[in-house]
Protein chains: 2
Amino acid sequence: MTDIKLAEKQVFVQNSALRDAAKTALMEAVASKMAAPNKKEAQHDPLNEVIELLFFAYRDFTSDPDAILADYDFGRAHHRVIHFVGRHPGITVAQLLAILGITKQSLARVLKQLVEEEYVIQKTGTRDRRQRLLHLSNKGEQLERRLSEPQRKRVSKALNQAGPEAIDTFRKTLLALINQEDQATVEKLTGKGSTKGETS
Amino acid sequence: MTDIKLAEKQVFVQNSALRDAAKTALMEAVASKMAAPNKKEAQHDPLNEVIELLFFAYRDFTSDPDAILADYDFGRAHHRVIHFVGRHPGITVAQLLAILGITKQSLARVLKQLVEEEYVIQKTGTRDRRQRLLHLSNKGEQLERRLSEPQRKRVSKALNQAGPEAIDTFRKTLLALINQEDQATVEKLTGKGSTKGETS
DNA sequence: AAAGATATGTCAACATGACTGACATAAAAT
DNA sequence: ATTTTATGTCAGTCATGTTGACATATCTTT
């Protein structure tokens, strides 16, 4: 008696329903249960708190562009490429690989698409003609702005809410979270804009 | 004349080599080029800076556990489950789904493994016997500690380096980065520890 | 008590974005 | 002239996410 009536009334609670309701309704459920008095393990370590906050913050932070990307049939991988090429025009493939921390085969897949669809332009290096210096086309720049806008707004809002010293403290903390060896490099990287020194 | 000599001398620069050298040597290369004087687009927006820092910080932040996980043939998905079950013992499957923002089919795959290998224990709810309240076994708690230790150290170090007000400011900023609708929920969630109110 | 809704689980097929390994070409460096 | 470097590409695999369909046990409602 439990085998034929299902499909009609259950479907609506199936997959994405759980996802979409998740960030709202179901989260409420979580919270309410949470409100119940706990017993033990109230490990109220602020460190653990920060770790969880990082998880949620990053999740939401990346969700903005994800939605936009879907329109273009692109994924996060494309976004990362667009972002770093946009912020560091003239970057080489090797540099991009180093920054992204992925293999060239992985990069190739998305980069190829981006070049074919003319979001990214490859210019042969003049100093070293083996290099392919990467730039955004106008189209690419447009997409970049579209993608970064919600993120900038989100960050801006958050920093404002957190107070005037937040910009500085937040930046300092993030930098200190990065692997020691890379901190100096990243500092230079984010401090500057382009990757020039040569161009075609 | 370029078709038979390859495999011997190239292999070492192949895949992971690029990855491993990446975070050190190649990053250096990036930095040096960066140092070259730029021309235009010095969009020195601190917002963009923060966005990139977030990317790097989160990347390194998650790399600690990733390495450990490999020993167990687990991935990030397992880590997330272990983390949230560990920090919120007695959490239900539905709640976990809401937090993780994935489908139950995705969760099932990793949860099944974790239960089979006895890192996670399912207890039937007493108030609602349909629920499976999730807990870590001792084994699971050990793994949880092993995984969170490097992250806690990293965060701790970063907060110290960033100054005394960093804990508070960093937490505030992260919270404000989260989707408005979820902020209150997450605050409760991270503030408390367990998910009890009932147990078996 | 019967009917419906909910919490959980499971099979199967598919997409994305990583990875490894192997091989290629053009250009620079030795 | 030889070797190394920067880039690209084919092929196969793996982890993790997604839909869709269906099952079972246990509340909840009528």
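Within every chain, numbering begins at 1; the chains are lettered A, B, ... in the order of the sequence lines, protein sequences first and strands thereafter. Quick caveat, the model's predicted, so the values are computed rather than measured. Hydrogens, waters and symmetry mates play no part in the numbers below; they use all other heavy atoms, side chains included.
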query: Under 4.0 Å between a side-chain N or O of A/Thr103 and OP1 or OP2 of C/dC19?
result: yes

task: May I ask you to say whether A/Asp45 pairs ionically with B/Arg152, meaning some side-chain N is under 4.0 Å from a carboxylate O?
output: yes

- prompt: With distance as the sole criterion, do the side chain of A/Arg76 and the base of C/dG17 form a donor-acceptor contact below 3.5 Å?
  reply: no

message: I'd like to know if A/Ile167 and B/Leu47 are part of one continuous hydrophobic network [Ile/Leu/Val/Met/Phe/Trp/Tyr, side-chain heavy atoms within less than 4.5 Å].
response: yes

message: Please report the distance, rounded to the nearest Å, between CG in B/Leu69 and P in D/dA15.
response: 12 Å

query: Counting side-chain heavy atoms from C-beta on, which of C/dG9, C/dT10, D/dT7 comes nearest to B/Gln105?
result: C/dT10

- request: Answer yes or no: does atom CD of A/Gln161 have more than 12 heavy-atom neighbours from other residues, nucleotides or ligands under 6.0 Å?
  value: yes

Quick one: which protein N/O atoms are closer than 3.5 Å to N/O atoms of nucleotides 28-30 of chain D? Pair and distance per line, please.
none

field: From D/dT9, D/dA6, D/dT18, nucleotide with atom closest to A/Gln131 side chain
entry: D/dA6

- prompt: When the distance from CG of B/Asp66 to P of D/dC14 is rounded to whole Å, what number comes out?
  reply: 19 Å

- prompt: Same cluster or not: are A/Phe74 and A/Ile68 linked, directly or through other Ile, Leu, Val, Met, Phe, Trp or Tyr residues, by side-chain heavy atoms under 4.5 angstrom apart?
  reply: yes

- prompt: Between atom CZ in A/Arg132 and atom P in C/dA26, what is the gap in whole Å?
  reply: 11 Å

message: By the 4.0 Å heavy-atom rule, please label B/Gln113 as base, sugar-phosphate, or nothing.
response: nothing

- prompt: Rounded to whole angstrom units, what separation is found between the CG atom of A/Leu107 and the P atom of C/dG17?
  reply: 13 Å

task: Please step through side-chain hydrogen bond (donor to acceptor under 3.5 Å, both in side chains) for the pair A/Glu52 and B/His88, ending with a clear verdict.
output: CA-CA 11 Å; A/Glu52 285 196 0; B/His88 309 286; 2.9 Å; yes

Whether A/Thr124 side chain and A/Arg132 backbone form a donor-acceptor pair below 3.5 Å: no

statement: From CG of B/Leu111 across to C1' of C/dA7 the rounded distance in Å is 13 Å

task: Measure from NZ on B/Lys104 to C1' on C/dT10 and round the result to the nearest Å.
output: 9 Å

- prompt: Nearest to the side chain of B/Ala94, which nucleotide is it out of C/dT20, C/dT8, D/dG17?
  reply: C/dT8

query: Between C/dC14 atom C1' and B/Arg109 atom CZ, what is the distance in whole Å?
result: 12 Å

- request: Please tell me which of the listed nucleotides, D/dT16, C/dA18, D/dT9, lies nearest to the side chain of B/His78?
  value: D/dT16

message: So, applying side-chain contact (heavy atoms from CB on, under 4.5 Å) with A/Thr173, which one of B/Leu53, B/Leu159, B/Val155 is it?
response: B/Leu159

- prompt: With nearest nucleotides of DNA chain C determined for A/Val110 and B/Gln122 from heavy-atom distances, which residue corresponds to the more 5′ nucleotide?
  reply: B/Gln122

task: Please determine, for the side chain of A/Arg129, which listed nucleotide (D/dC10, C/dA28, D/dT7) has the closest atom?
output: C/dA28

A/Tyr58/B/Phe61 under side chain to side chain contact (heavy atoms under 4.5 Å, CB included): CA gap, chis, key distance, verdict: CA-CA 11 Å; A/Tyr58 197 76; B/Phe61 173 72; over 6 Å; no

task: With axes from five pairs an end, tell me the bend angle of the helix from C/dA1-D/dT30 to C/dT30-D/dA1, nearest 10°.
output: 30°

Pairwise salt bridge (charged side-chain N to carboxylate O under 4.0 Å, His left out) hits with a residue in residues 69-84 of chain A, at least two apart: A/Asp66-A/Arg76, A/Asp71-A/Arg146

query: Out of D/dG8, C/dA18, D/dT16, which nucleotide sits closest to the side chain of B/Arg80?
result: D/dT16

Between P of C/dA7 and NZ of B/Lys123, the distance in whole Å: 21 Å

query: On a plain distance test, is the side chain of A/Arg127 in donor-acceptor contact with the base of C/dA27 below 3.5 Å?
result: no

query: Counting only side-chain N and O atoms of A/Ser106, is one of them less than 4.0 Å from OP1 or OP2 of C/dG17?
result: no

- request: Report yes or no: does A/Asn179 contribute a side-chain atom to a donor-acceptor pair with the main-chain N or O of B/Asp60 at less than 3.5 Å?
  value: no

